[in-house]
Amino acid sequence: MTVRVGYPKSMVSGTMKSQPFKERVVLITGASSGIGRAAARAYAAAGANIVLAARRLERLEDAAREVESLGVRALSVRCDVTRSEDVERLMRETQAAFGGLDVLVNNAGQGLYGPLASISEEQLRQVFELNVFALWRVTRAALPLLRGRRGAQVVNVSSVLGHRGLPLLGGYCASKAAVNAMTESLRTELATEGIRVLLVSPGFTESEFREHRLNAEGWAQEAVPLKAMSSEEVAASMVRASVRGRRDTILTLPGRVMVLANRFVPGLFDRVAHRMANPVKKDA
Ligand SMILES: NC(=O)c1ccc[n+]([C@@H]2O[C@H](COP(=O)([O-])OP(=O)(O)OC[C@H]3O[C@@H](n4cnc5c(N)ncnc54)[C@H](OP(=O)(O)O)[C@@H]3O)[C@@H](O)[C@H]2O)c1
């Protein structure tokens, strides 16, 4: 486990000096905003050609122009990762444009807020459909493109909340815990094929995440009393983890403290977690 709180400004500004991903192909799901869009820029600054996938095509094309301005090729593919036919087309277009894939970044994801007793089954299924089933679907579809490519990687974006369940976030935490478990299994399943599987767990990050998050009926979260990382900082840490093949990257100091406290003093952390919840009901 490694904390990444610092990052080289050159990587974030798109002027990374060395280009460890030159001529490599990186496919990023959820590249239309937040961490995914920043990751597209950061991998491009490291020399990679980028496949950008998400549902909002205009946003993707805008992001693709940014990426191309860094001197690499970009392909935008409108893709709802919860739909098998979209994912299959995404892989066909990637294969046709670039002849294979070196790094898959499974980043598309969505939050869910509210007590487990108040979230609906539909909301829980929707979040699992995107955070878990789609990650599995995209990975499975990408494997034929990754096989045989030297240094191939799958980078799964989890969350610090995948390492510890917190009150009012149980549905989201469960989905990311499933991502963590799948990542561990996949890592060993693919080891003999030379495909590395990395886990990147951001903490609280500035993005559109809170706008897109589902809320249980009558529940909304107040401002989080934590300093957010920028999406660019998360992306820079992701690319560094990718360059080094680091298996597990937990971001932000509070995130790392939480994971360690939960491992060594879980009972004490239960009490801290209770106080961290800060619940606000919309209709209170
Ligand atoms: N922000 C945080 O505090 C935080 C903390 C820890 C972990 N994370 C994780 O980081 C990842 C990125 O989140 P973010 O913070 O960058 O949030 P974001 O700005 O809301 O980005 C989410 C991305 O997922 C895409 N997406 C959603 N549904 C999709 C679908 N059905 N098919 C394809 N793409 C879809 C969205 O694009 P379209 O709407 O265009 O499809 C968007 O590009 C997520 O996995 C999230 O769980 C975020």
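Note that ligands are numbered from 1 as they come in the structure, with each ligand's atoms numbered from 1 the same way. The analysis underlying the following values was restricted to heavy atoms, covering all of them including side chains, and did not include hydrogens, waters or symmetry mates.
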Please check if atom CZ in Arg196 has more than 12 non-hydrogen atoms from other residues, nucleotides or ligands closer than 6.0 Å.
-> no

Find all atoms of ligand 1 within a distance of less than 4.0 Å from any non-hydrogen atom belonging to Glu208, and give their numbers and elements.
-> 19 (O), 20 (O)

Has the side chain of Asn262 got a donor or acceptor atom that lies under 3.5 Å from a matching backbone atom of Arg164?
-> no

Short N/O distance, under 3.5 Å, between Thr82 and ligand 1?
-> no

So for Ala228 against ligand 1, with non-hydrogen atoms under 4.0 Å, the contacting part is neither

Give the minimum heavy-atom separation between Leu101 and Val26, together with the two atoms involved.
-> CD1-C, 4.1 Å

Does any donor atom in the side chain of Asn156 or Thr183 lie under 3.5 Å from an acceptor atom in the other side chain?
-> yes

So is there a nitrogen or oxygen of Val160 less than 3.5 Å from a nitrogen or oxygen in ligand 1?
-> no

Using a 4.0 Å heavy-atom threshold (strictly under), name the region of Arg55 that reaches ligand 1: side chain, backbone, both or neither.
-> both

Do Asp80 and Arg55 meet the salt-bridge criterion of a basic N to acidic O distance under 4.0 Å?
-> no

Heavy atom under 4.0 Å from ligand 1: found in Arg59's side chain, backbone, both, or neither?
-> neither

Got an N/O contact under 3.5 Å between Asn107 and ligand 1?
-> yes

Any nitrogen or oxygen of Val81, main chain or side chain, under 3.5 Å from a nitrogen or oxygen of ligand 1?
-> yes

Salt bridge between Glu208 and Arg59, side-chain N to carboxylate O under 4.0 Å?
-> yes

Salt-bridged, Arg37 to Asp62, with N to O below 4.0 Å?
-> yes

Any idea which part of Ala134 is under 4.0 Å from ligand 1, heavy-atom wise: side chain, backbone, both or neither?
-> neither

Does a side-chain N-to-carboxylate-O contact under 4.0 Å join Arg137 and Glu129?
-> yes

Examine the proximity of ligand 1 to Arg37 and report which part, side chain or backbone, both or neither, has a heavy atom under 4.0 Å away.
-> neither

Ligand 1 atoms nearer than 4.0 angstrom to some heavy atom of Cys79 are 32 (N), 33 (C)

Salt bridge present between Arg89 and Glu93 (N-O < 4.0 angstrom) | yes

Taking distance alone, with no angle check, do Phe204 and ligand 1 share an N/O pair under 3.5 Å?
-> no

Purely on distance, is any nitrogen or oxygen of Ser231 under 3.5 Å from one on ligand 1?
-> no

Return the residue, atom name and 0.1 Å-rounded distance of the protein heavy atom closest to atom 8 (N) of ligand 1.
-> Tyr172 OH, 3.6 Å

May I ask you to list the atoms of ligand 1 that are less than 4.0 angstrom from any heavy atom of Leu130?
-> 27 (C), 28 (N), 29 (C), 30 (C), 31 (N)

Under a heavy-atom criterion of less than 4.0 Å, does Gly203 contact ligand 1?
-> yes

Under 3.5 Å, N or O to N or O, is Gln110 touching ligand 1 that way?
-> no

Does any donor atom in the side chain of Gln153 or Ser242 lie under 3.5 Å from an acceptor atom in the other side chain?
-> yes

Looking at the rings of Phe204 and Phe209, which for Trp means the six-membered one, are their centres under 6.0 Å apart?
-> no

Contacting atoms of ligand 1, where contact means under 4.0 angstrom from a heavy atom of Val157 | 9 (C), 10 (O), 11 (C)

